[in-house]
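What you see below is based on every heavy atom in this structure, not just the backbone, and it leaves out hydrogens, waters and symmetry mates. So you know, we letter chains A, B, ... as the sequences are listed, proteins then strands, and number each from 1.
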There are 2 protein chains.
Amino acid sequence: MDNAPRVSVLAGEPCETSSWDAGNCPVRDVMNQIAGKWSTLLLEALAQRPYRFGELRRLVPDISQRMLTQTLRDLQRDGYIDRQVFPTKPPSVEYRMTELGHSLFAPLSKVLAWAGENHAAVKAARAKYDASELG
Amino acid sequence: MDNAPRVSVLAGEPCETSSWDAGNCPVRDVMNQIAGKWSTLLLEALAQRPYRFGELRRLVPDISQRMLTQTLRDLQRDGYIDRQVFPTKPPSVEYRMTELGHSLFAPLSKVLAWAGENHAAVKAARAKYDASELG
DNA sequence: TAGTGCTAGTCTCTTTTTGAGACCAACAAT
DNA sequence: ATTGTTGGTCTCAAAAAGAGACTAGCACTA
């Protein structure tokens, strides 16, 4: 049941606070996919250049094959990446970011840049919180 | 064989492909928190104005109290929101976004806007994928 | 005075998701 | 003949999330 298509309720309304339930909210519908543990990492890689399955697996050392397959399928299903099979001797598969994917990655990369710039501040906040919890 | 160029995607160079393991990567460390199912939704709410626990619960109808508590704690721990207890008759708790939280929400809101604008394209891609899977 | 509801949670139990690792078929080199 | 490489799938265990009962102190109600 891992790869069963997720049926999403129809909607078209912007995400107002009065309709923040799962079926009606574009933000939730879109974010719930790209907010996965591995999605942003794979998008970051594929924004750079196309990669093959095994390359991505080596690039992200601690992802399981199962989750790599599944995350790539989800990103493909939402139209962010394309999957192309080459009938070579051992068949190879290339994943490539689509235009839609690049248009998403434009604003997303700003968030990733923020993460890099503010990592220290976040770690400091964590240390402070953990210290006050123990005290 | 492993001739993949180890080049950073982002200008600020927050995450090189040679250190994409969990412990070394600021992007993963920061994103894994804000990428939760409920985090962006709560950040979106608290970017507008402070809210109390019960208000947030009513705002997001399908979040459980357990996950609301836990997500708020995580956001507080990373320094994005503050938690303030008022010793009123029935004690009330107010959650308020910090400066760090607002500085994160600036780029994050661009992604949320993208989600609203491109929801239709994503749904179309999904429909196309599901149709080809069934055929 | 008992009953009800509000507050912001916690505790337990069940279901879902994720992770670890074995297995697959074809073909290439050793 | 064994090993390695390709891109997966399959099963089973562990972790995370969801559902719902339960708490304490106070206010209002009957």
- Q76(B) atom CD is separated from dA8(C) atom P, nearest whole Å, by 15 Å

- In whole angstrom, give the distance that lies between atom CD of Q84(B) and atom P of dA8(C). 14 Å

- Message: Any base atoms under 4.0 Å from Y95(A), or only sugar-phosphate, or nothing? Heavy atoms, all strands.
- Response: sugar-phosphate

- Scan R52(A) against the nucleic acid and name what it touches under 4.0 Å (heavy atoms): base, sugar-phosphate only, or nothing. sugar-phosphate

- Item | Test side chain to side chain contact (heavy atoms under 4.5 Å, CB included) applied to T71(B) and K37(B), step by step | CA-CA 9 Å; T71(B) 306; K37(B) 183 173 179 181; over 6 Å; no

- Task: Name all residues meeting the side-chain contact (heavy atoms from CB on, under 4.5 Å) criterion together with E55(B); count only those two or more places apart in sequence or in a different chain, and write none if there are none.
- Result: R49(B), Y51(B), R52(B), R58(B)

- Task: Could you please spell out the steps behind the side chain to side chain contact (heavy atoms under 4.5 Å, CB included) verdict for V122(B) and Q33(A)?
- Result: CA-CA 11 Å; V122(B) 171; Q33(A) 287 302 326; over 6 Å; no

- Item | Derivation and outcome, side chain to side chain contact (heavy atoms under 4.5 Å, CB included), residues I63(B) and L41(B) | CA-CA 11 Å; I63(B) 194 174; L41(B) 215 53; over 6 Å; no

- Note on the structure: Rounded to whole Å, the CG-C1' distance (L68(A) to dG19(C)) equals 13 Å

- Task: May I have the distance from E94(A) (atom CD) to dT6(D) (atom P), rounded to whole angstrom?
- Result: 15 Å

- Query: Are R73(B) and dG9(C) close enough that a side-chain N or O sits under 4.0 Å from OP1 or OP2?
  - Reply: yes

- Query: Would you say a side-chain N or O of R83(B) is under 4.0 Å from OP1 or OP2 of dG9(C)?
  - Reply: yes

- Gap between atoms CG and P, on N32(A) and dT17(C) respectively (whole Å): 11 Å

- Qualifying residues under side chain to side chain donor-acceptor pair (under 3.5 Å), relative to S64(A), sequence neighbours excluded: none

- Message: Please evaluate residues L42(B) and L59(B) with respect to the criterion side chain to side chain contact (heavy atoms under 4.5 Å, CB included), reporting the C-alpha separation (whole Å), side-chain torsions for both, the decisive distance (0.1 Å), and the verdict.
- Response: CA-CA 9 Å; L42(B) 295 179; L59(B) 202 61; over 6 Å; no

- So how far off straight is the helix from dA8(C)-dT23(D) to dT30(C)-dA1(D), going by the axes through five pairs at either end, to 10°? 20°

- Which parts of nucleotides 17-30 of chain D does protein reach within less than 4.0 Å, heavy atoms only, written one letter per nucleotide 5' to 3' as B for base, S for sugar-phosphate only and - for none? BBB-----BS----

- Report the distance from atom CZ of R57(B) to atom P of dA8(C), rounded to the nearest whole Å. 9 Å

- Query: Roughly how far, to the nearest 0.5 Å, is CZ of R73(B) from CD1 of I81(B)?
  - Reply: 9.5 Å

- Task: With sequence neighbours excluded, tell me which residues meet salt bridge (Lys or Arg N to Asp or Glu O under 4.0 Å) with R77(B).
- Result: D130(A)

- Task: Please report, rounded to the nearest Å, how far the C1' atom of dT10(C) is from the CZ atom of F53(B).
- Result: 10 Å

- D82(B): side-chain contact (heavy atoms from CB on, under 4.5 Å) partners, not counting sequence neighbours: T98(B)

